[in-house]
Amino acid sequence: QVQLVESGGGLVQAGDSLRLSCVASGGTFFGRYGTGWFRQAPGQEREFVAGLSWTGDRTDYADSVKGRFTISRDFGKSTVYLQMNSLKPEDTAVYYCAGSWMSAQPRGPYTYWGQGTQVTVSS
């Protein structure tokens with residue numbers, strides 16, 4: 001059973017940067033997992049933020065974060081990252097990472113989910 005654990009969230013000011021991390025454990029061949037980041041703000045549905053196919057040749061971003069957020073991964077550390085720059089108050093949400101075996105579609109669907117990490121951006 002694959003487990004995903006996010007970290008790196010926190011309280012920042014508008015314009016600041018944060019890097020979220022998601023460590024995968026309990027499975028094998030992390031390099032064959034497609035991975036993604038989603039977020040959920042209070043009172044809103046969970047939404048797609050960024051995704052990376054298992055081959056690494058396909059990425060996709062929500063329009064609201066294009067040019068500001070970057071998804072990447074480190075095979076050796078079984079970790080996927082979300083670098084978030086120029087943060088805005090509307091980026092405030094709980095951020096979740098997700099993964100699926102040999103997923104070629106950055107937007108999912110995804111099988112495994114983390115518990116989430118809170119990101120709060122003050123104005």
Side-chain angles (χ1 to χ4, degrees):
Q1 183 73 13
V2 175
Q3 294 182 330
L4 304 174
V5 179
E6 304 95 335
S7 62
L11 172 63
V12 297
Q13 294 185 335
D16 286 350
S17 297
L18 274 178
R19 188 178 75 162
L20 305 183
S21 300
C22 174
V23 179
S25 63
T28 59
F29 303 112
F30 173 74
R32 293 194 176 184
Y33 279 84
T35 52
W37 287 94
F38 292 73
R39 67 186 181 187
Q40 187 168 20
Q44 298 186 20
E45 294 185 353
R46 187 177 298 184
E47 65 174 357
F48 170 78
V49 175
L52 178 63
S53 64
W54 78 272
T55 54
D57 61 345
R58 296 185 63 186
T59 58
D60 196 7
Y61 296 91
D63 289 342
S64 58
V65 306
K66 280 182 181 177
R68 299 189 297 124
F69 291 11
T70 303
I71 186 171
S72 62
R73 61 188 178 184
D74 184 328
F75 293 128
K77 297 181 179 180
S78 295
T79 300
V80 60
Y81 302 99
L82 184 67
Q83 177 67 43
M84 305 186 295
N85 299 327
S86 302
L87 282 162
K88 304 176 181 180
E90 51 263 44
D91 293 319
T92 295
V94 177
Y95 283 72
Y96 300 89
C97 72
S100 280
W101 176 254
M102 297 185 72
S103 172
Q105 303 300 323
R107 289 184 179 249
Y110 287 99
T111 304
Y112 304 104
W113 293 83
Q115 294 300 306
T117 185
Q118 176 70 47
V119 172
T120 303
V121 184
S122 64
S123 58

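All heavy atoms count here, side chains included; hydrogens, waters and symmetry mates do not. Position 1 is the first residue of the sequence; numbering continues from there.
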Exercise for the section: Applying salt bridge (charged side-chain N to carboxylate O under 4.0 Å, His left out), run through Asp63 and Lys66 and close with a yes or a no. Expected result: CA-CA 5 Å; Asp63 289 342; Lys66 280 182 181 177; 3.2 Å; yes
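- Using a 4.5 Å heavy-atom threshold, the side chains of Ile71 and Val80 count as touching.
- Judged purely by atom type and a 3.5 angstrom limit, Ser100 uses its side chain to pair as donor or acceptor with the backbone of Thr111.
- Within a 6.0 Å radius of CD in Gln115, no more than 12 heavy atoms belonging to other residues, nucleotides or ligands are found.
- In this structure, Ser122 contributes its side chain and Val12 its backbone to a donor-acceptor pair below 3.5 Å.
- The two residues Gln44 and Gln40 come nearest to each other via the heavy atoms O-NE2, 3.0 Å.
- You'll find the side chain of Val49 stays beyond 4.5 Å of the side chain of Tyr96, heavy atoms only.
- For the atom pair OG of Ser64 and NZ of Lys88, the computed distance is 8.0 Å after rounding to the nearest 0.5 Å.
- Considering every non-hydrogen atom in both Ser123 and Pro89, the closest pair reads CB-CG, 3.8 Å.
- The side-chain heavy atoms of Met84 and Asp91, taken from C-beta on, include no pair separated by under 4.5 Å.
- Residues Cys97 and Glu6 share a closest heavy-atom pair of N-OE2, 2.9 Å.
- Looking at residues two or more places apart in sequence or on another chain, you find a side chain to side chain contact (heavy atoms under 4.5 Å, CB included) between Asp57 and Ser53, Thr55.
- Taken from CD in Gln1 to OG in Ser25, the straight-line distance is 10.0 Å, to the nearest 0.5 Å.
- Under a hydrophobic-cluster definition in which Ile, Leu, Val, Met, Phe, Trp and Tyr are linked whenever side-chain heavy atoms come within less than 4.5 Å, directly or via other members, Val65 and Leu20 are assigned to the same cluster.
- The aromatic rings of Phe38 and Tyr110 stand perpendicular to each other, their planes meeting at an angle above 60°, with 30° marking the opposite boundary.
- A donor-acceptor contact shorter than 3.5 Å is absent between the side chain of Arg58 and the backbone of Pro106.
- Remark: Thr35 OG1 to Arg73 CZ distance equals 6.0 Å, nearest 0.5 Å.
- One hydrophobic cluster, built from ILVMFWY side chains closer than 4.5 Å, cannot hold both Tyr81 and Trp37; they sit in different ones.
- When every heavy atom of Leu82 is checked against every heavy atom of Ala50, the shortest pair comes out as CD1-CB, 4.0 Å.
- Expressed to the nearest 0.5 Å, how far CD of Gln118 lies from CG of Leu11 amounts to 9.5 Å.
- Between Trp101 and Tyr33, the ring center distance clears the sub-6.0 Å criterion.
- For Leu87 against Leu18, the heavy-atom pair with the smallest separation is CD1-N, 3.9 Å.
- When all heavy atoms of Gly116 and Val94 are compared, the closest pair comes out as CA-CG1, 3.8 Å.
- Distance check: Tyr95 OH to Ser7 OG gives 15.0 Å after rounding to the nearest 0.5 Å.
- How far SG of Cys22 is from CH2 of Trp113: 11.0 Å, rounded to the nearest 0.5 Å.
- Cluster annotation: Trp54 is connected to Val2 through the hydrophobic network of ILVMFWY side chains, with a link wherever side-chain heavy atoms come within less than 4.5 Å.
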